[in-house]
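Along the sequence shown, the residues carry numbers beginning at 1. All ligand and atom numbering here is 1-based and tracks the order in the structure. These numbers come from a predicted model, not from an experiment.
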Amino acid sequence: MERLQKFLARSGIASRRKCEELILAGRVMVNGETVTELGTRVQLGDVVWFDGKPVAPERLEYYLLNKPADVICAVSDHRGQKTVVDLVASPVRLFPVGRLDRDTTGIIILTNDGAMAHSLMHPRFEVDKVYKAEVEGEVTEDELDRLRNGVQLEDGLTRPAVVLLMGKRSGGSFVEITLHEGRKRQVRRMFDAIGHPVWKLHRKRYAMLTDVGLAPGGSRPLKEKEVAALRKLAKGEIS
Ligand code: URA
C-alpha cells in the first residue's frame, strides 16, 4: 500500500507535491472513480489513471558508477557539461545519491528511487565513505591527529574520522580518510584547514560498495543483496 501521490511520482508523472495538486484538481482516477482525497492509498492490482491514461510505476533501478574527473553530479546541465547521468544508459530517469566534486573521481550511486536516496542523504543516516587523497606537502602525524579528532570548518567541527598515512612522494602525501558525515567539499576543506591542499581525490568506498572492478567511467547495476543492504541502512537498521 502506498499513498496515491507517491505512486504517481514514482511513475514519473511529476514531483510528489505537483501530484498532490493533480489529485486535488480531479485529474486522477483509481479503479474507475475520480479521487480528490490526498490520503488515498493504492495497492498492487489497483488501476490508476491520469488524464484518461493508465499509469504504470517505473521500475526502480540502482547503479554504481566510477565517476571520472570533469563530470558533474547533476541530472542535467545547461552549460553543456557532461553529467554522471550521461554515463549510465538506462530507460528510467536516474539521479545521483549525493555528490562528488567535478574534479573528484570515484563511486557514486545513481537511482530513480527517490525515497531511498533521500534517506541515504539524510544526516542521521550518514554512511561510511572512504577517500584516497593525494595532498600537497609531507603531512605529519600531529596534523593527521587533527583530522582524526575534528577540525574547525566554517560550518562547524568535523566528526571523528579514521585517517591513515599511506605513503609519501616528493612534495606530496597519500592519505586514506574515512568520514561518517558528508558535507560539501568536506575532504578538501579539512586538508585546507591543516595546510595541505588536495591535489587528487578519489572515493573508493561508500558503505559496503567499493570501486573494485570498475574502471573510470564504468558502471554496473547493483545486485539485489546490495540494494537490500542499502535499504536497511537507509532505514537506520544497521550502521
Ligand atoms: N569531499 C570533497 O572535498 N569532495 C568530494 O567530492 C567528496 C568529499
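Through direct or relayed side-chain contacts under 4.5 Å between Ile, Leu, Val, Met, Phe, Trp and Tyr, Met166 connects to Leu164, Phe174. Phe7 belongs to a hydrophobic cluster whose other members, connected by ILVMFWY side-chain contacts under 4.5 Å either directly or through intermediates, are Leu4, Leu8, Ile13, Leu22, Ile23, Leu24, Val28, Val30, Val35, Leu38, Val42, Val48, Phe50, Val55.
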request  = Kindly determine whether Arg188 and Thr104 satisfy side chain to side chain donor-acceptor pair (under 3.5 Å), including the steps that lead there.
outcome  = CA-CA 10 Å; Arg188 292 176 197 275; Thr104 302; 2.8 Å; yes
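Remark: the Glu138 side chain and the Ser173 side chain contain no N/O donor-acceptor pair separated by less than 3.5 Å.
Sorted by chain then number, the residues whose non-hydrogen atoms approach ligand 1 to under 4.0 Å are Leu100, Asp101, Thr104, Tyr131, Arg185, Gln186, Val187, Arg188, Leu201.
Between the side chain of Asn66 and the backbone N or O of Leu214 there is at least one donor-acceptor pair closer than 3.5 Å.
Among pairs with a residue in residues 43-53, those fulfilling salt bridge (charged side-chain N to carboxylate O under 4.0 Å, His left out) read Arg27-Asp51, at least two apart in sequence or across chains.
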